[in-house]
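Heads up, the thing below is written out as structure tokens.
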Number of protein chains: 2
Amino acid sequence: MLTSKVLRNRTTELSDAERDTLECALSQTRTFAAGQLVVRQGPPVDVSTLLIEGLMSRHVDAPDGRRHLVAVHVPGDFVDLHAFPLKRLDHDVGALTPVKVAIFTHASLERLQKDDATLMRRLWFLTLLDAAMHRQWIYRLASLNAIERVSHFLCEMNARLLAIGSSDGSEFSLPITQADIGQVCGLTNVHVNRVLRELREAELCHVRGSRVRILNLSELVKKAYFDPAYLYLAPSIAARAAGRSGETHD
Amino acid sequence: MLTSKVLRNRTTELSDAERDTLECALSQTRTFAAGQLVVRQGPPVDVSTLLIEGLMSRHVDAPDGRRHLVAVHVPGDFVDLHAFPLKRLDHDVGALTPVKVAIFTHASLERLQKDDATLMRRLWFLTLLDAAMHRQWIYRLASLNAIERVSHFLCEMNARLLAIGSSDGSEFSLPITQADIGQVCGLTNVHVNRVLRELREAELCHVRGSRVRILNLSELVKKAYFDPAYLYLAPSIAARAAGRSGETHD
DNA sequence: CGCTAGCTTGATCTCACTCAATAGCAGTGG
DNA sequence: CCACTGCTATTGAGTGAGATCAAGCTAGCG
């Protein structure tokens with residue numbers, strides 16, 4: 001089921017009926033190659049994109065041509081649902097890896113809104129989850145230093161992938177480059193590399209290529225000042241993501 | 001009219017009828033002193049707060065006790081409307097100055113949602129406007145240096161105050177401390193002070209106490225890489241906020 | 001096999017932080 | 001009225017985290 005990862009293991013869950021309703025509203029699926037731009041900033045849009053497989057990013061292009069990530073998306077994320085009320089985007093949407101997406105026309109979403117107010121509020125919830133993550137990114141950039149920022153990002157990805165069953169709580173695949181991590185954390189690729197080495201030497205976390213292995217989650221969480229409350233996870237998942245509950249493979 | 005500044009001068013406007021409907025749904029108004037906490041992170045909430053007068057902030061408290069701003073709100077902002085779908089907040093909400101607010105119970109908003117789907121989508125739009133600002137704050141922190149960040153923040157506040165008629169396009173009141181600006185821009189109060197001096201010496205912008213006087217908007221906009229697209233302003237206001245249209249008092 | 005993208009490490013530099021001291025200004029109480 | 005307190009603003013000197021520049025390494029791939 002294409003929508004099986006939407007709002008999975010969150011404080012707000014979709015019922016099976018709602019999942020069905022949503023599934024019926026989608027108009028098609030598409031694939032994109034890594035690096036492709038999926039939605040461009042500016043012009044009016046009349047569809048929204050649900051990520052099924054792979055990783056996507058949202059980024060603003062700086063005037064000097066450098067791009068900066070403002071969000072990273074995992075399967076089950078409704079990447080540009082905010083375009084439904086906003087009608088145009090203030091940033092680009094791209095594929096970080098090869099991706100499979102499902103397309104919803106805004107017309108079909110409008111029909112949904114009439115028929116199922118509760119489901120609509122769940123979708124609203126989804127867009128606000130993005131906003132909550134944005135806030136945490138702001139906090140991360142404004143108050144944490146390099147190693148704390150990278151640790152925080154790794155904890156976040158672990159938690160989000162855990163929620164959709166793509167992390168076992170300590171090991172997961174994160175097929176993005178060190179330069180990408182730099183853009184997320186406001187660091188240069190060179191410094192990201194040094195930080196990852198430091199995390200490796202501290203026996204907290206191994207990042208090799210696209211493989212992330214968290215060796216000591218509770219210590220990593222502590223170093224990152226990571227509190228998963230902002231992800232609105234179901235309590236059991238939140239506890240695991242925070243490294244409380246013996247799930248840490250030490 | 002208490003809701004007269006809500007969605008004023010944006011790409012999406014409220015009709016007079018919608019403004020009436022909204023006005024009828026509000027349950028009471030309250031005032032808070034500067035520095036007071038209005039909503040606390042964590043516990044379930046069943047009301048949302050519309051800012052009528054004054055400035056408010058949203059902030060996360062770092063474990064070391066320091067607080068970091070993730071949003072600054074001006075009159076007409078629905079400060080914690082996101083609590084309506086989310087049901088609890090992942091951050092605190094406080095008054096930066098003495099404020100007057102209007103309270104909406106979530107029960108009354110639910111009634112609204114049933115009766116007026118269009119108005120509801122406008123409110124959804126409002127929460128996404130916050131998210132768009134969050135994204136720009138991320139960009140600001142990750143890619144701009146100190147003077148660019150402060151300039152960008154001043155351009156943003158000018159634009160937002162312009163939209164609600166509280167800036168004439170070059171001069172406005174911003175009753176917050178240099179330390180507050182530091183928390184917004186991820187800088188120390190000391191460095192904010194130096195940056196403001198630099199802006200003064202460059203004849204770009206005078207900030208004295210709570211008075212901000214922009215001397216050369218188009219140059220300030222350029223230095224800050226400021227593009228007001230993310231504020232979804234009505235075209236004429238956007239042009240003025242971007243310093244294009246002879247509104248610059250040089 | 002050569003090419004390119006990504007990773008790794010070293011040397012140097014600089015922007016912003018830290019620490020510290022002073023000045024201005026409002027409020028408060030004697 | 002002035003002394004006192006506390007908060008905000010201002011300026012200087014020294015320091016350090018992370019950027020920049022540069023070079024070598026590794027691995028996938030046509």
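So you know, we letter chains A, B, ... as the sequences are listed, proteins then strands, and number each from 1.
Out of D/dG18, D/dA9, C/dC7, the shortest distance to the side chain of A/H191 is found at D/dG18.
By the 6.0 Å contact criterion, CZ on B/R40 is open, its count of non-hydrogen atoms from other residues, nucleotides or ligands being 12 or less.
As rounded to whole Å, 16 Å separates atom C1' of D/dG18 from atom CG of B/L141. In this structure, the CZ atom of B/R208 is 10 Å from the P atom of C/dC25, given to the nearest Å. The distance between atom CD of A/E198 and atom P of C/dT8, rounded to the nearest whole Å, is 14 Å. Protein atom CG of A/L196 is 15 Å distant from nucleotide atom C1' of D/dG18, rounded to whole Å. Look at NE2 on A/H206: it is 16 Å from C1' on C/dC7, rounded to the nearest Å.
Taking the six-membered ring for Trp, B/H91 and B/H82 have ring centres closer than 6.0 Å.
For the pair B/R197 and D/dT11, the criterion of a side-chain N or O lying under 4.0 Å from OP1 or OP2 is met. Neither OP1 nor OP2 of C/dC7 sits under 4.0 Å from any side-chain N or O of A/N193. In this model, the phosphate group of D/dG18 is not approached by any side-chain N or O of A/R194 to a distance below 4.0 Å at OP1 or OP2.
Atoms CG and CE, on B/L69 and B/M56 in that order, are 12.5 Å from each other to the nearest 0.5 Å.
Using a 4.0 Å cutoff on non-hydrogen atoms, the parts of residues 171-189 of chain A near DNA chain C are A/T177, A/Q178, ordered by number. Of the residues in residues 144-153 of chain A, those placing a heavy atom less than 4.0 Å from an atom of DNA chain D are A/N145, A/A146, in numerical order.
Each of A/D90, A/D130, A/D80 was compared with A/R58 under the salt bridge (charged side-chain N to carboxylate O under 4.0 Å, His left out) criterion, and only A/D130 meets it.
Of the charged side-chain nitrogens involved, at least one lies within less than 4.0 Å of a carboxylate oxygen, so that A/E156 and A/R160 count as a salt-bridged pair. Taking the charged nitrogens against the carboxylate oxygens, A/R140 and A/E148 have no contact shorter than 4.0 Å, which rules out a salt bridge.
Remark: the backbone N or O of B/A179 is not paired with any side-chain donor or acceptor of B/N189 at under 3.5 angstrom.
Using modelled atom types, one finds a donor on one side chain and an acceptor on the other under 3.5 Å when comparing A/T177 with A/D180.
Ring orientation note: the planes of B/Y230 and B/H152 are close to parallel, at an angle under 30° on the 30°/60° scale.
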